[in-house]
**Q** 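Here's a structure for you.
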Amino acid sequence: MEMVESFVFDVANSLLGKLASYAYEEASRAYGVYEDLQRIKDTLSIVRGLLLDAEEKKNRQHALCEWLRQIQNICYDAEDVLDGFELQDRRKQFVEASGSTRLKVCHFFSSSNPLAFRFRMSRQIKEIRDRLDKVAADGTKFGLVRIHVEPGLSVHNREITYSHIDVSSVIGRENDKEAIIELLMDSDPQGYGNGHRSLCVIPIVGIGGLGKTTLAKLVYNDKRIDEVFQLKMWACVSVDFDIRQIVIKIINSVFASAAPSVPIAPQEDSNHCDIEQLQIHLRRKLSGQKFILVLDDVWNDDRAKWIELEDLIKVGAVGSKIIVTTRSNSVASMMGTVPSYVLEGLSLEDCLSLFVKWAFKDGEEEKYPNLVEIGKEIVKKCAGVPLAVRTVGSSLFSKFDLDKWLFVRDHEIWNLEQKKDDILPALKLSYDQMPSYLRQCFACFSLYPKDYTFNIVEMTILWIPLGLVQPINGSEKLEHIAREYVHELHSRSLLQDFKDFGYICEFRVHDLIHDLAMYVAKEEFVMVVSRTRNISEQAKHLSIVEKDSLDKVLFPKSKSVRTILFPVEGVGLDNETLVHTWVSKYKYLRYVDFNDSLFETLPKSIAKVEHLRVLGLKNNSKIKKLPHSIFKLYNLQVLILSGCTELETLPRGLGKMVSLQHLFITTKQSVLSLTEFINLKHLQVLAFNHCKNMKFLFSRAHQLISLETLSLYKCGSLETLPLYIFPNLQTLIIIDCKMLDLSLNNESPIQKLRLKHLFIRDFPGLLTLPGWIEGAAETLETLLIYELPNLKTLSQRLTTLTHLKRLHIVGCPQLISLPSDMYHLTALEDLVIEDCPELCRKFKPQSESRKRNEDIDLEDCQGKNSVLLKNYHWSPPTCNFGPFLNLLMLLSKLLVPTVCMMISKGSKTLCQLSEMDLSCKTRKNKIVKASGSTRMKVCHLFSSSNPLAFRFRMSHKIKEIRDRLNKVAADGTRFGLVRIDVAPDPVVQRREFTHSYVDASSVIGRENDREEIIKLLMQPHPHGDGDGDKNLCVIPIVGIGGLGKTTLARLVFNDKRIDDIFQLKIWVCVSNDFDIRRIIIKIINSAFASASTPPSVAMANQEDINHFDIEQLQIRLRHKLSGQKFILILDDIWNDDRAKWIELLNLIKVGGEESKVIVTTCSNSIASMMSTVPSYILEGLSQESCLYLFVKWAFKDGEEEKYSNLVEIGKEIVKKCAGVPLAVKTLGSSLLSKFDLNKWIFVRDHEIWNLEQKKGDILPALKLSYDEMPSYLRHCFAYFSLYPKDYSFSIVEITCLWIALGLVQSLNGSEKLENIAIEYIRVMDIWQMNQIQLK
């Protein structure tokens, strides 16, 4: 029961997404249930915030499990009800498309007519609303608090690891250890040849429990490592990639490895250091040292965080190495500088040795040879994973009862009891770290047997109809998103044997990952086997994988089953009795797949399953026709009839299935009626399988513009393929259609095609590639040529396919050469040549190149007749507004979704109160009195505006508002909120604390700015003779967030010329808490750190001064600075209280003459208040510098040369960044190593605020400016989102808008609102919103 509730958050999220969609909002208004749905949405939004806390506490409170179960059931029921809107819309389309008066009349008098539907929906939605209100109210008794975090980031850390290991206890990892040590000993594993890279990163990748940490420990403790490296460090990173904590761990590990007797005291001290001190100590300790660092258990995929850490530690000597252990291929790819070391499972022999070690005491196994024999069978289910072997071995330790061993042998691992550190809890960390949208998709794997070969199309067809694929912004196709889900699961090491053929991808799920899927799915996803007896009433998805299982199992009585499938070949239904029972009982079925069944007729009652999206009848060799009622399945998206060899004809009226997107056909017809297909406006995939009589696809020519995929399999009589009727075709698969003449499409001029994937197989008559392939030169990415025994040449046409990424040539024995201009295929990544003896001989690698070749990996496959080139690249021969306004307006669009739902409800209530606008009544009275007209006074008395009627109406409205406000206020008590009597202006949404270090080589386009600041620092008195103290000059650097103020300050701070000028260098990150005491402590500590103080002494001093009072601190500060010529950086200032600044200034101006202070801030007013010289206004980067920076973040070194087309799109992408480096980095990082053209186009064509943002990205950085705004400005600022980019605002226009909406507040009732509005604009100018030019 434990894991059933895991999907509550995901289901609630999905339901909220539907409720918020435009389609549902329009439908709810049309049918008069808008208010009820909004109430459900509001309540569910509040409840959703409690679900994560409930997940944490559910194991301690049984009643909480039941509460979660009730919410999940309500959400599922609500989805079923909401589906009614979509179904009604489909009915309407069907009736209108038919043009039949009779059908319209029947519809009007049916239960689906608008009035009856409205009444029924109103009743059902009210019932859902009442149930949800009741359950939400029940939730208050559990003391839950709202957790504002996405569940994919809900952290369940594994135990922190350490470096020690008993080498004798490790079995079967000797070869892996030697392979890693060989890389560590290699002075140039990256293959650069000149050793210019001082830091090599070696990732070890594999699923949880495989022994990645164990392998790293083996390597770390090998004596040869001590001889090669001067320093050894171990840091267990785990889920939270906190730079400060990792730096502390590295420093402490340095101390421990250098002086084992005194590691503890420095560690206690370092915990109190700020990041500036820590980075100085770290870099001093590592500088010039050849070190090895193990970063164990890394989950972070934020490249910016990794680059920040890498910049701090890459000061070591040439030959320094980092070993990273991770479960994620994408993390390994991001961090690694050499190919990942993919850890494999142990051999069966090693597994048995390990099992015996954990199941018996020394020598005990000799007494129980029968148990050892059973153990041999047990370890097979562990799939080579050491932790799984240890888990089952430990569970049998000193238990010699034969029945216990047989029980373990005969049951799946997920059914066995698990301790905290056993295999499934270890694997479940991978599940806990998944984004919420992946979890139910992953659980679907539990419906299939182990060792099942999945394909990406199959999973897409399952996930989408079940509502598990969430649209990102409503524009991207769900099929593309589902494919991304599969690739993301693969990147997380959850899929194996992954074969990517372009449109088709095949993969398997590791046995233990399958156990994990079973473990998390539990009651909701049920795979029915012969042992299954009862199925939980909570079951939503059922699969039947064994034939004799149907006779004994008791299927659930609940009507909420959504999926029934038969995934195993040869396992199906023998008659339609059970079909009729299921379709009559489970009326909310979405997915039904009766594969390999043998019933002769499909019951007419199938039409009653109105929510059905997928109907599969694959390989039913007895069914001859389909019932006419099938056309009432208005929601049906996928119909699978492939392999129904006795199906005489496709049923008449196919075109009435208005939702159909995928159609798989086997039919005895010789030609199809195009009329039926023309009406299928959403048809994307059309597949003809074993249509032996079909000579022509359609009876006449007409374009099918929606079709994107066409598959022809064993259509032996098919003669022609008119490609021109598929103008948007992207995937074409042709297999064993021997009569098909592919040359018939060789029109002149060649027709331009949009093909991306082409697969041709089993064509004995094909001598060369058809000429029409050249028409896809600009789009074709995949070309698979299989079993063409007479193919002799590929012709030069192949070399025109400049976007080709994947080329497989298999089973072409007559092919003797490739075109001479193959180097034109600059995008080619995968080239497979197999069973082509002549061609393989030409490409056979020499022994030296096989031994080592970093650019070309050549692998001999299947003896002498194949060659495989992976990741192969053919290289050609060597031969009137400010730029930041758009980003600020994007920020204004971002603000509304960030408002808490409860506050939103309260705001709505208060807004309605203000909308009554009592002043309207006063004005009406004045008009009546001023008119002097008796007639008007009489009319007014008898109108709805007379005093009595007005009083009654206002009293009623105010009472209603009061009641609603009281209810919302009461709702707030469940969150454990406390009243804070302070204005909302000082919001403490801090950015991360900064440090002074920067890798100057990574900064682009700031050389001139650096020189300008250094020029000011070189001047004795840059402020002139008039203003300020001559012994202290303050230089402000001003600009919006993300522009690079801190980076510029770092460049200046680390310039060698600064060391020659100043005796002390001090860096302090102030942020928005201008606390004098805290700033003084930071200045003192930074002064110690910069004065070449040994790290241990500096840290000890900090430990002391944290307990000093302000008097002691100011004495220590003044003593440290007195007479010293210093430079002080005050980074990220938000304080506009001049008194505080003067207080600090008076304490620090005791330094030597010509001391300088550099201030970075987003505010012009702060800069003006603190400065003694004019502010340095930082401008955006040039387009050229932006592109250079973008390429640096979007590609690994040199990758951009392979993808010139993506670089061209990148030029357009950086334009929207308005010269802001952080915006460039944000967009570049989001595309790192993603070479799918659609992704780049998506980023190019969408606004930044529509793209996913991590904590350190551009919009969160800009939002700090919003958070620091006075409360009265925030609503005003949000209204800029109503205008397009580059809009020229006028001051009158903005003033009128704000005043009319009641956003301008009078301070004392006497000042004009227009003047106050103008003041608002001036304040925005101060807050660096000054790119808005006002007329």
Side-chain angles (χ1 to χ4, degrees), residues 9 52-53 55-56 145-163 201 203-205 207-208 212-213 216 233-253 267-268 270-279 282 293-313 322-332 334-335 420-421 425-436 438-439 488 491-493 988-995 1069 1071 1229 1252-1257 1260-1261:
F9 190 96
L52 296 177
D53 190 38
E55 285 287 339
E56 296 293 326
V145 295
R146 186 164 185 158
I147 298 178
H148 297 281
V149 65
E150 209 276 337
L153 303 177
S154 182
V155 177
H156 299 279
N157 286 315
R158 62 179 282 189
E159 296 292 327
I160 300 299
T161 64
Y162 50 83
S163 62
V201 183
I204 301 174
V205 187
I207 65 169
K212 301 180 295 298
T213 299
M233 296 162 288
W234 182 283
C236 179
V237 179
S238 199
V239 174
D240 186 14
F241 199 88
D242 183 287
I243 300 291
R244 184 177 181 278
Q245 289 302 316
I246 296 171
V247 169
I248 289 173
K249 287 181 179 182
I250 295 173
I251 291 172
N252 289 330
S253 187
Q267 181 179 16
E268 291 179 344
S270 65
N271 285 327
H272 298 281
C273 292
D274 62 29
I275 188 65
E276 173 63 10
Q277 287 176 284
L278 290 170
Q279 68 89 10
L282 174 68
L293 167 63
V294 176
L295 296 175
D296 185 41
D297 194 31
V298 178
W299 296 79
N300 165 66
D301 60 356
D302 185 340
R303 191 179 181 219
K305 284 187 175 182
W306 163 237
I307 294 297
E308 183 179 358
L309 178 63
E310 185 185 33
D311 285 344
L312 293 178
I313 59 181
I322 296 178
I323 294 176
V324 173
T325 71
T326 180
R327 301 185 187 192
S328 169
N329 289 312
S330 60
V331 171
M334 177 188 76
M335 298 178 71
K420 181 181 179 183
D421 294 323
L427 287 174
K428 190 175 174 289
L429 290 173
S430 296
Y431 175 83
D432 292 334
Q433 284 301 305
M434 282 184 200
S436 62
L438 277 185
R439 292 184 179 177
E488 186 169 354
S491 77
R492 293 171 178 271
S493 296
V988 283
Q989 298 289 333
R990 285 196 185 94
R991 62 180 281 191
E992 297 288 332
F993 282 116
T994 64
H995 53 76
C1069 179
S1071 198
S1229 296
E1252 183 183 357
Q1253 299 280 316
K1254 295 188 176 72
K1255 184 178 179 182
D1257 284 346

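All residue numbers in this chain count up from 1 along the given sequence.
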**Q** Do the side-chain N and O atoms of Thr325 and Asp296 include a donor-acceptor pair separated by under 3.5 angstrom?
**A** yes
**Q** When you measure from the side chain of Lys249 to the backbone N and O of Cys236, does any donor-acceptor pair fall under 3.5 Å?
**A** yes
**Q** Looking at side-chain heavy atoms only, is the closest gap between Phe241 and Val237 below 4.5 Å?
**A** yes
**Q** Return the minimal non-hydrogen interatomic distance between Lys212 and Val205, and the atom names on each side.
**A** CD-C, 3.8 Å
**Q** Within the 3.5 Å criterion, strictly below it, is a donor on Ser493 or Arg327 matched to an acceptor on the partner's side chain?
**A** no
**Q** Given side chains that start at C-beta, do those of Ser163 and Val294 come closer than 4.5 Å, heavy atoms only?
**A** no
**Q** Using modelled atom types only, decide if a donor and an acceptor are shared between the side chain of Asp274 and the backbone of Gln277 within a distance under 3.5 Å.
**A** yes
**Q** Quick one about Ser330 and Ser328 (side-chain donor to acceptor, distance below 3.5 Å, no hydrogens or angles considered), yes or no?
**A** yes
**Q** So, for Asn300 and Val331, which heavy atoms are closest and what is the spacing to 0.1 Å?
**A** O-CG2, 3.4 Å
**Q** Compare all side-chain heavy atoms of Tyr431 with those of Leu438 and state whether any distance is below 4.5 angstrom.
**A** no
**Q** Does Arg244 make a cation-pi contact with Phe993 (under 6.0 Å, within 45 degrees of the axis)?
**A** no
**Q** With a 3.5 Å distance limit and no angle check, can you tell me whether Ser253 reaches the backbone of Ile250 through a side-chain donor-acceptor pair?
**A** no
